[in-house]
Structures are given as C-alpha cells and as structure tokens.
Number of protein chains: 2
Amino acid sequence: MVTIKQVAKRAGVSFKTVSRVVNNDPTVKEENRVKILAAIEELGYQPNLAARMVRKKNSDVIGFISDEISTTPASVDILRGAQDRAWELGKTLMVFNIDPKKPSASNLLEQCRQHRAEGVVYGAMYHQPVKLPVQFDQQPLVMVNCFDPNQQRAAIIPDDEQAAYDVTLQLLNKGYKRIAFLNLNPKIVAAKLRLSGFLTALKEFSIDDDQYVVESVEKVVEGRTIDITREVADRVITEFKPDAILCGKDLVALSLYFVLERRDLRVGHDIGVASFDDWDCIPQILVPSLSSVALPYYQMGRASVTRLVNLISGKQTSLATERVKCQLSSRESF
Amino acid sequence: MVTIKQVAKRAGVSFKTVSRVVNNDPTVKEENRVKILAAIEELGYQPNLAARMVRKKNSDVIGFISDEISTTPASVDILRGAQDRAWELGKTLMVFNIDPKKPSASNLLEQCRQHRAEGVVYGAMYHQPVKLPVQFDQQPLVMVNCFDPNQQRAAIIPDDEQAAYDVTLQLLNKGYKRIAFLNLNPKIVAAKLRLSGFLTALKEFSIDDDQYVVESVEKVVEGRTIDITREVADRVITEFKPDAILCGKDLVALSLYFVLERRDLRVGHDIGVASFDDWDCIPQILVPSLSSVALPYYQMGRASVTRLVNLISGKQTSLATERVKCQLSSRESF
DNA sequence: AGACAAATTGACAACGTTGTTTATTCAAAT
DNA sequence: ATTTGAATAAACAACGTTGTCAATTTGTCT
C-alpha cells in the first residue's frame, strides 16, 4: 500500500507537508499543494485510517449491534437510516453482527471496543424491552426500537400509541363508528400501546363502550404458534358487525381480505380496513390497496445515530426515551 | 483506554511479555501468564486493533458493499450469511453502505481501502448483471447475487434454472400436466433462466408443446408500473385451463389466490400452485399454504465470504461463476 | 540592503502495537 | 565449580500517521 512518505518523495517535499495537504491545512503553498495532489492522484494514495486513529485517538467508528432478524425484515431500514446518518456525520458504522445466536452480545461489544468504537447503537427487530448486560454501561449507548426496562438508557422507539390514536381518529372522522381491533398478542409492547391509543381516540368520540378488541390472532398448539386470523375475523364480523376493522399487522389484514372476499363484503365500501406496518409491497398488491400505518424504521435509525453522536460529544446527556412519529399511508381500504 | 503498558505495569513485567500472552505465545512462564491474565481482567484491557493493524499490516477486515435495497428485503440474508461466515473465519465485515444513492460505489470503495480491507464483496438485491467501475479491479472481489456481464469477476448467484427445473419436475411427477407459468418480466435475469429450466423439465415429459408462459404480470402506464396479475391470471385460466400454475414470485401467487377464490377453484385440489421466493411469512399465512422455491440468500452470503477469503489467500483464483442450489419448501398448494 | 514579521516547511517525538535481537535466568551436563 | 543450552524476558526498532516546535523561506517596510 502507498504511504504518505512515498507520496512525499514523489512530490519532492517532506512527508509532513503531505499530511498537511491531506488534512486541509491551509498553510501550504499553492504550488506545493498542486504537486502533492498530483502525486496522490498518480500513486492512488489512500490515508491509512488505522494509523491515523492510533495517533489521533479517535476512531470515528460507531458500532451497530442488533439482535436476531425477526419476522419484520423491513427493519433493515433502521440500519439504512443509521448508515446514512453516520455517513453525513463523517462516521463509519461497523455492523458487528446481525444474527448473534452464537456470539453473545457481550462478545460483539468486545469487538466494538477493540475497534475503539466511540459508541454503540443497539437495535432490536421489534419494539420491546431489552435488559442489556452491564458491560454496555462502559460506553455511550443508544437503544433503537427497544428500551431499558428501567428507563436507564437512551432509547428511540416508535410512537405506537400515537399511531393507533391517529389511525383510529381518521377512521372515526370518516364516519366509521363500530370499529373492531384485531390486535397483536398483548405481551407485545406495541399491542399495549396501540390499544391505549385506540381507546383514547374512541373516548374522544364518546363511543368507548362500543368497541371490540381481539387480543391476539394466534394460538399455541403443541408448542407451535398457529395463525387463527380467519376464524377470529369471522367471529368478530358475525358477533359485532363492525363497519371497520383495524389490524395489528399487514399480514392480518391480508387474511382478513380473504374472509371479506368470501363473505362478499367489499373493502372500502361495505367495510373499512386499516393496519400497521405498511410492509413493503403487500398493502399495494391488495385490491383495494390497504391503508396502513408505517413504522418509522428509517427515521429511527437516523435518530439513533444523531442521538449517539450528541451523547458522545456531551451535547445531550439525557437518557430520556424518544418517540418517533408513525405516518399513515392512506390508500383505498378506508 | 487501557493500553498494554498499563497492564504490564500492573503485572510487573515488560509490555512485550503482555503482548506475548495476548497473542498466545507459549514462551511465557505459567506464573507470569496467570499474573498478566489477572491484570488484563482487572483493567478490562482490550487490544487496540488499529495499532495491531498498523504494525502487522493485515486488517482482517472485509468490505461489504451493496446496491440499493429493492423489493426483496429478504436479501438481508445475504448480509447475515456473509457476517456469520466472516465471524467464523476471524474476519470483521465492514458494511460500508446499504443504500449508496448519494455516495457512489467508488466512494464506498475508497472507504474500504482507507480501512485497508483485504477484499470486497459486492452484493446486489436481485439477481442481475452489474458493470462495476474499474476501481474495483484493485483488490480481491466477489460479486454476490449479481455478476459481471463479461464473466471477468468471481460471482455467486442463485441457480434459477435448476430451481425452475426442479419445481416443474415435481409438479409433473405429481401428475399435473397443463402447467401455466406466470413469469416475471423477461428483462430480469432470473425470468430467463427459470423459463429455460421450466421448458427443459417439460421436454423431459414430452409435453413441451402444450404449455402457457406469460411474460410479465406488470404493465407500464404513464411511467408507473402497475400490477396486472389478476387480469392475466383470469385470462390464462379461461384460455388455457391449466391444472397448475407456477408463479414468478410469492406476491403473484398471492394475487392468484384471490382470483382462484373468486372462481371457486380450490388450491391444491382443483389446481396446483407453486412459486418462487419463499418470502418470509407469506407462503405460510396463505390458505392452503404455498409451496415456494426459496432463494438461497443466506448460503450465498456465506459462500461469498468463503470465496473471497480463498481469493485473498490465493487458494482459489478462478473467476468462475458459482451457482447455489435453490430449495423448494413443499407445502399444501400442490 | 537590512530588519523584521509572516508564511511555509521540516525534524522529531508520539500513538499502541508486534518483530527481531539481545540479555538474563535456571537447570542439566561436564 | 564451570560450561552449555534451553527457556524466558527485556530492549529497541518499526508500522503510518499527526502534534509540536524549531528552522527556513518569503515578503514588506524602512
């Protein structure tokens, strides 16, 4: 590999002067600058970041540790967001492992420290509480799409409550009155928050005594989880006769579409449907297209890096949890 | 940060002896080794990889550059596979950017070189030819899920032809005879290969003059691509009366299910359905569940790193394209 | 021309490691 | 008791860079 000294020799100056040019030090004669830049170009010189880091003692590296990929691959967007923001701030994101089943989180943290990462973003694949090992205290840390059960760590999470509140309000404003909610399993954080947002919205329209909430469209049989959306939806429609159904995720809406098709209920006409996730192409491939609340993964990824860099620089030291707004993608289903 | 010298002081030995312990050099008295390990533990020493790298001149870093995320987020699995394999081989994968719309591929490559990455994996989000800028010649390179149009670069791609051949053969073996193929746009590499595999399988059963291939289930209207799967499927069923339909991707199968539902054709009974992608939960949420050929993203990710490390070490210098087998996930739809 | 300040450059140390060479310790062999 | 040789440890240089400070060059003013 080409070093700064080789460039210096080629340009006929001391290697220190080359260093100055590389670091945009203004105290270099224009004539020399031109010569040096030419030499850099000719030799294809690239500064050795490792050597620079040893000397300067800052790495500009941020570690990104994430737990296992789950059923929501859209959450790679967290990574995209983090990456983009890191780039903007002149940092390199080191993604240490995406599926650390074998290497434990602490192992990954060790790697981060060996690379002298200035801080760590810990991302989860769905919104949940995560109790991190004590080792994570040793450097600036931001949790994204997850949070410390004791609120002792900076966290960026989606505002599920606002999301449910907003979409419910929009349904109500369009005149829907009997809204059923096929919610996710109540053990899921998002499910609890959304229920709360849902109920708040209903209360504002004073119809909080006339709703129908289903907790979980899954059943565990012999240790295996099976989807029972269709049965549940069938029952809800028969018993409650809703004029709109809010689904916990797009896949639930998908199953619901089949049920409605069979019952000859036209979505967006006889019955309104809304959902959460706005998952890639599903909402658009459905007919009529599905209105769904997108989870702000990309924004959260960006926010996590911004927050971490502020933490590192001491500009912002609060450990408060930051909620990121969710946006409804309005389509034809209501 | 704790340095090797601080550890040495604590243990009462020269810093070089600590270095020996860290690097598992056997020529250290047991007594000292114990003392040093204790000191390392107490101080929480982590070797500085940057300093080590400067001295040893090898980085154990592999760059991973990928183009924009497309409609197949499952392809993160390429990254997972690469990461896992890198870990096994004691390498660190530096994911330089997932969505380099702003920074060009060459910029990312510069970053790789500044980090002294020993080689680069270039991944595409769907199987396609990619003409990389000449700068990519400057270090070992493996392309994954894409390939050089002139075959001048090592590449790992899915064996789409085998995939289509296999699934078609299985359909035929189960007694299906009139198979329609709702293929993807013929501009897509996978579409061409799959068509070829499909036809080869039919030929083996001597029914290659009685099939029905649809090229593309999309239409471009005023610059926007719209999905016309439902119309197309309707027409195919009416005109060709197939006993089985092979779909280009799970989302096509999804739309097809709606069409069949409306026509009261029972999937897996009146008509067989198969598809490509095996995309996350879609095949399982459908009723009856969809048999789909999975693309071997994870395996390809692993293979790409294995191949790259072999290239770097000179163990394997061939630039041949490596095809990775696709596996059918057999379910209830045929 | 000479003096002086400003601009520019270079010599050298330092960062935290590892490779190489040299010194020390200690036990076994004479 | 001395020599030998192996085992162990230390000293020092080196990696490619940047920080510090002294040295040199250049330009301006008298």
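Each chain gets a letter, A, B and so on, in the order its sequence line appears, and its residues count up from 1.
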Residues within residues 50-61 of chain B bordering DNA chain D, heavy-atom distance below 4.0 Å: Val54(B), Arg55(B), Lys57(B)

The answer to which of Tyr45(B) and Ser14(A) contacts DNA chain C further toward the 5' end, by nearest nucleotide, is Ser14(A)

note: Lys16(A), atom NZ; dC21(D), atom P; distance rounded to Å ~ 13 Å

Specify whether Phe136(A) and Tyr122(A) have parallel, tilted or perpendicular ring planes, treating 30° as the upper limit for parallel and 60° as the lower limit for perpendicular. perpendicular

Taking only side-chain nitrogens and oxygens of Thr17(B), does any of them come within less than 4.0 Å of OP1 or OP2 of dA10(D)? yes

Can we say Arg323(B) and Asp159(B) salt-bridge, meaning some charged N sits less than 4.0 Å from an Asp/Glu carboxylate O? no

Whole-Å gap separating P (dG16(C)) and CZ (Arg116(A)): 9 Å

Step through the shown structure and confirm whether more than 12 heavy atoms of other residues, nucleotides or ligands are within 6.0 Å of NZ on Lys131(B). yes

Calculate the interatomic distance between Met1(A) atom CE and dT17(D) atom P; express it in whole Å. 11 Å

Would you say that Trp87(A) contacts Gln111(B) through its side chain, given a criterion of any heavy-atom pair below 4.5 Å between the two side chains? yes

Rounded to whole angstrom units, what separation is found between the CZ atom of Phe15(B) and the P atom of dC12(D)? 10 Å

Please find the pair of heavy atoms, one from Leu319(A) and one from Gln152(A), that lie closest to each other, and give the distance. CD1-O, 3.1 Å

Mind calculating the distance between CZ (Arg113(B)) and P (dG16(D)) to the nearest angstrom? 17 Å

Salt-bridge test for Arg113(A) and Glu110(A): reply yes if a basic N is under 4.0 Å from a carboxylate O, no otherwise. no

The test is side-chain contact (heavy atoms from CB on, under 4.5 Å); show your working for Ile65(A) and Cys112(A) and say whether it passes. CA-CA 9 Å; Ile65(A) 297 180; Cys112(A) 284; 4.0 Å; yes

Residues touching DNA chain D, which here means a heavy atom under 4.0 Å, drawn from residues 18-41 of chain A: Ser19(A), Asn23(A)

Between dC12(C) (C1') and Lys5(A) (NZ): distance, integer Å: 11 Å

For Gln327(A), is the CD atom crowded, meaning more than 12 foreign heavy atoms sit under 6.0 Å from it? no

Nearest atoms (heavy-atom pairs only) where Arg307(B) meets Ile156(B): NH1-CD1, 4.0 Å

